[in-house]
Enquirer: 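First, the structure itself, so that you have it in front of you.
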Amino acid sequence: MAKRQKDSTAFKVALGGICSAVCLLMMFCSGFLPMLDYTIPTFAGFLMVVMIVEADKRWAIATYAAVSLLCIFITPNYEASLLFILFMGYYPILKFDLDRKKNKLLIRAVKFIIYNIAIVIYYNLFKHLLTNVDMLEGLEMFGKYAIAVLWALAQVCFILYDYALTVLTEVYINWFRKKILRRK
């Protein structure tokens, strides 16, 4: 009896290669589309959901690791690379597991803690590595509260991102796979 396509190692390797290539292409495009610094890593990270659903979690982690390593060398936009490596690339994998747990309040707290740790690391790396860019540019009117305003906006963005990732995952699983890919 032949192995199912999803169980085939060749299928998983090919899918991982395709997802990695698409992620790296998107991350490379962030170099000449700088207005999408935060959007491109988000879409690249969503491809990890495709890897989980079509292969499994281990293959998604391997794909994330490969893309993270390669985007350091290939991507000209270090802001986008940092975002992908520090949060946007692995969070969809983590979220997929966390959302299956029963205690929703605890899970939400864990998500915020993980996000805030990643943002603090991102901000500090951003401040020390990318000294020619001012992250607080445009927030001068808030004076000494600029960082607090930026932090509050980041929390709102995380809530929207988490919700959008949930909706996109449901659309992928319940519509795209069934209607387009014709898979159950």
Enquirer: Measure the acute angle between the ring planes of Phe32 and Phe28, then classify it against the limits of 30° and 60° as parallel, tilted or perpendicular.
Expert: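 Rings of Phe32 and Phe28: perpendicular, over 60°.
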Enquirer: Is any side-chain heavy atom of Asp56 closer than 4.5 Å to a side-chain heavy atom of Lys12?
Expert: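 Yes, their side chains come closer than 4.5 Å.
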Enquirer: Answer yes or no: are there more than 12 heavy-atom neighbours, outside Phe43 itself, under 6.0 Å from its atom CZ?
Expert: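 Atom CZ in Phe43 is not crowded, with 12 or fewer foreign heavy atoms closer than 6.0 Å.
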Enquirer: Give the minimum heavy-atom separation between Ala118 and Tyr90, together with the two atoms involved.
Expert: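 Smallest heavy-atom distance, with atoms named: CB-OH, 4.0 Å.
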Enquirer: What I'd like to find out is whether the side chain of Ser30 reaches to under 4.5 Å of the side chain of Leu36, using heavy atoms alone.
Expert: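 When only atoms from C-beta onward are counted, Leu36 and Ser30 do not touch, as no gap falls below 4.5 Å.
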Enquirer: Heavy-atom distance under 4.5 Å between the side chains of Phe96 and Met51, does that happen here?
Expert: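 Side-chain contact under 4.5 Å: no.
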Enquirer: Check whether any side-chain heavy atom of Ile85 sits under 4.5 Å from a side-chain heavy atom of Tyr122, and report yes or no.
Expert: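 Answer no - side chains too far apart.
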Enquirer: Got Val13 and Trp59 here, is their nearest side-chain heavy-atom distance under 4.5 Å?
Expert: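 Counting from C-beta outward, Val13 and Trp59 do come under 4.5 Å.
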Enquirer: Main chain of Tyr91, side chain of Tyr115: is a donor-acceptor contact present, judged purely on distance under 3.5 Å?
Expert: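 It does not hold such a pair.
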Enquirer: Between Asp37 (side chain) and Glu79 (backbone), is there a donor-acceptor pair under 3.5 Å?
Expert: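 The answer is no, because no donor-acceptor pair under 3.5 Å joins these two groups.
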Enquirer: Taking the six-membered ring for Trp, are Tyr161 and Tyr38 closer than 6.0 Å centroid to centroid?
Expert: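 No.
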Enquirer: Between Ser20 and Thr63, which heavy-atom pair has the shortest distance, and what is it?
Expert: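 For Ser20 versus Thr63, the nearest heavy atoms are OG-CG2, 3.4 Å.
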Enquirer: Taking all non-hydrogen atoms of both residues into account, name the closest pair between Ile93 and Tyr64 and its distance.
Expert: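 It is CD1-CB, 4.0 Å.
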Enquirer: Measure the shortest side-chain to side-chain distance between Ile52 and Val49 over non-hydrogen atoms and say whether it is less than 4.5 angstrom.
Expert: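 No; the side chains remain at least 4.5 Å from each other.
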Enquirer: Of all the heavy-atom pairs spanning Cys71 and Ser81, show the shortest one and how long it is.
Expert: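 Taking Cys71 first and Ser81 second, the nearest heavy atoms are O-OG, 3.4 Å.
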Enquirer: Taking Phe158's backbone N and O only, do any of them form a donor-acceptor pair with Asp162's side chain (distance below 3.5 Å, no angle check)?
Expert: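 Looks like no, no N/O pair under 3.5 Å.
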Enquirer: Is the count of non-hydrogen atoms from other residues, nucleotides or ligands lying under 6.0 Å from Leu160 atom CG greater than 12?
Expert: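 Count over threshold, so yes.
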Enquirer: Looking only at heavy atoms, which two atoms of Met48 and Cys23 are closest? And how far apart?
Expert: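 Taking Met48 first and Cys23 second, the nearest heavy atoms are CE-SG, 3.6 Å.
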Enquirer: More than 12 foreign heavy atoms under 6.0 Å from NZ of Lys104: is that the case here?
Expert: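 Yes, enclosed.
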Enquirer: Decide yes or no for Ile107 and Lys111: does some side-chain heavy atom of the first lie under 4.5 Å from some side-chain heavy atom of the second?
Expert: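 Result yes, sub-4.5 Å side-chain heavy-atom pair found.
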Enquirer: Could you pull out the closest heavy-atom pair between Ser68 and Phe84, with the gap in Å?
Expert: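 Of all heavy-atom pairs spanning Ser68 and Phe84, the closest is OG-CE2, 3.6 Å.
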Enquirer: Contact between Ile117 and Phe87 at the side-chain level, heavy atoms closer than 4.5 Å - yes or no?
Expert: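 The answer is no; the side chains never approach within 4.5 Å.
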